[in-house]
Amino acid sequence: MRPPAGREGGRRRRRAAGAMGAMAESNADWMGSLPAALRSYPLSNLAIPGSHDSFSYWVDEKSPVGPDQATAIKRLARISLVKKIMKKWSVTQNLTFKEQLEGGIRYFDLRVSSKPGEIGQEIYFIHGLFGIKVWDGLKEINTFLEQHPKEVIFLDFNHFYAMDNSHHFFLINRIHSAFGSKLCSVECVEYVTLQYMWEKEHQVLIFYHYPLYQEYPFLWPGNKMPAPWANTTNVHKLLQFLETTLEERSRYGTFHVSQAILTPRVKTIARHLIRGLKNTLVHRNLPMILNWVKAQKPGVMGVNIITSDFVELADFAATVIALNDLLLEEDESATKS
């Protein structure tokens, strides 16, 4: 089932368009526009904006509750109002893949599932409720890459539900069909620079948190993309966690995700049923989170990928991208000394 193009879809697009403003156009080719000095930096040392539950801009209230939910939730969801409430807490993005890409997002956090009881092996995005078909999302992303040949993306398939090996083979074949020669084979992380990707005409790195990655040269193991999760509603605890995990980051051999997100607990949802994630946790804490982002520096022991909910708010992507200027200042200081 595809997302609706009717009244609800139109309202969402108008809200998102207002928030994006002119940033989309200026960030659509930000990697290709980086100064020459940064093109030889490992991608693991650059500051790269990402989105959390990247696909959740549309979820299907009419489909069954996903297998990622507890049995008690599945029973409750037989009441239509419960699904409406779930939607308010399952949606963590307003922008489609295309809109996120145009706004500068280059890392995508992906959770996928089969639909139990459905004939065939189709795979869908999922966050409590089912989203669009993975194949539709991959095609949308590939269309952007065709139009922006110097942009590089990270697709992190990190949660799988109701999937046996046959489902995985189906999904992996879909990934290969969508991107073909754009897929970057597993390599020493430090070798992977923009220059390297451009020379090989690669644009896509796939991280696959399931043992079958070993059978495909274009699937990077999940441990090359650690993404520590604070699992807190408290912004101060979140920022302390982000600091601690950065200090513990491996110097070499992996990328690194700083998940600058707050996670609602059951009691949070119970207290603010109708308000939803954005109005309860994101809006009021985003300024403090963004101030933390502005204070960061990319590099060997610095930030790499930073993810957020509702990435169109507060010019998140542009703030992360701007951190790369600090690497240039560092180079200039080293040259002068």
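Side-chain N/O atoms of Trp292 and Glu243 include a donor and acceptor closer than 3.5 Å.
Under the 4.5 Å side-chain criterion, counting only non-hydrogen atoms from C-beta, Lys182 is not in contact with His202. A heavy-atom distance below 4.5 Å is found between the side chains of Lys278 and Leu313. Leu246 is listed as a side-chain neighbour of Ser258, based on a closest heavy-atom distance under 4.5 Å. When side chains are defined from C-beta on, Asn45 does not count as touching Leu327, because their heavy atoms never get closer than 4.5 Å.
A distance-only check finds a donor-acceptor pair linking the side chain of Asn304 to the backbone of Leu43 [under 3.5 Å]. With Gln93 contributing its side chain and Phe310 its backbone, the two residues share a donor-acceptor pair below 3.5 Å.
Partner of Val204 under the side-chain contact (heavy atoms from CB on, under 4.5 Å) criterion, chosen from Ile175, Val152, Leu145: Leu145. Just one of Phe130, Phe97, Trp58, Tyr57 meets the ring pair (Phe, Tyr, Trp, His ring centres under 6.0 Å) condition when paired with Phe125; it is Phe97. Remark: of the listed residues Phe218, Phe154, Phe160, Phe160 is the sole one forming a ring pair (Phe, Tyr, Trp, His ring centres under 6.0 Å) with Tyr208.
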Report task. Could you walk me through whether Glu122 and Trp135 pass the side chain to side chain donor-acceptor pair (under 3.5 Å) test, one step at a time? Result -> CA-CA 9 Å; Glu122 197 63 67; Trp135 177 240; over 6 Å; no
Requested in this report: Verify side chain to side chain donor-acceptor pair (under 3.5 Å) between Ser166 and Asp164, making sure each step is shown before the conclusion.
Outcome: CA-CA 6 Å; Ser166 67; Asp164 57 25; 2.5 Å; yes
Query raised in the report: For Gln195 and Ser40, what are the C-alpha separation, side-chain angles and deciding distance, and is it a side chain to side chain donor-acceptor pair (under 3.5 Å)?
Result: CA-CA 6 Å; Gln195 200 62 52; Ser40 58; over 6 Å; no
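Grouped with Tyr252 in one hydrophobic cluster are Val300, Met301, the linkage being side-chain heavy-atom contacts under 4.5 Å among Ile, Leu, Val, Met, Phe, Trp and Tyr residues.
A ring-centre distance under 6.0 Å is found for Phe255 and Phe207.
Between Trp30 and Gly104, the closest heavy-atom pair is NE1-O, 2.9 Å.
Using a cutoff of 4.0 Å between basic side-chain nitrogens and carboxylate oxygens, Glu146 and Lys139 are not scored as salt-bridged. Using a 4.0 Å cut-off between charged side-chain N and carboxylate O, Asp53 and Arg111 make a salt bridge.
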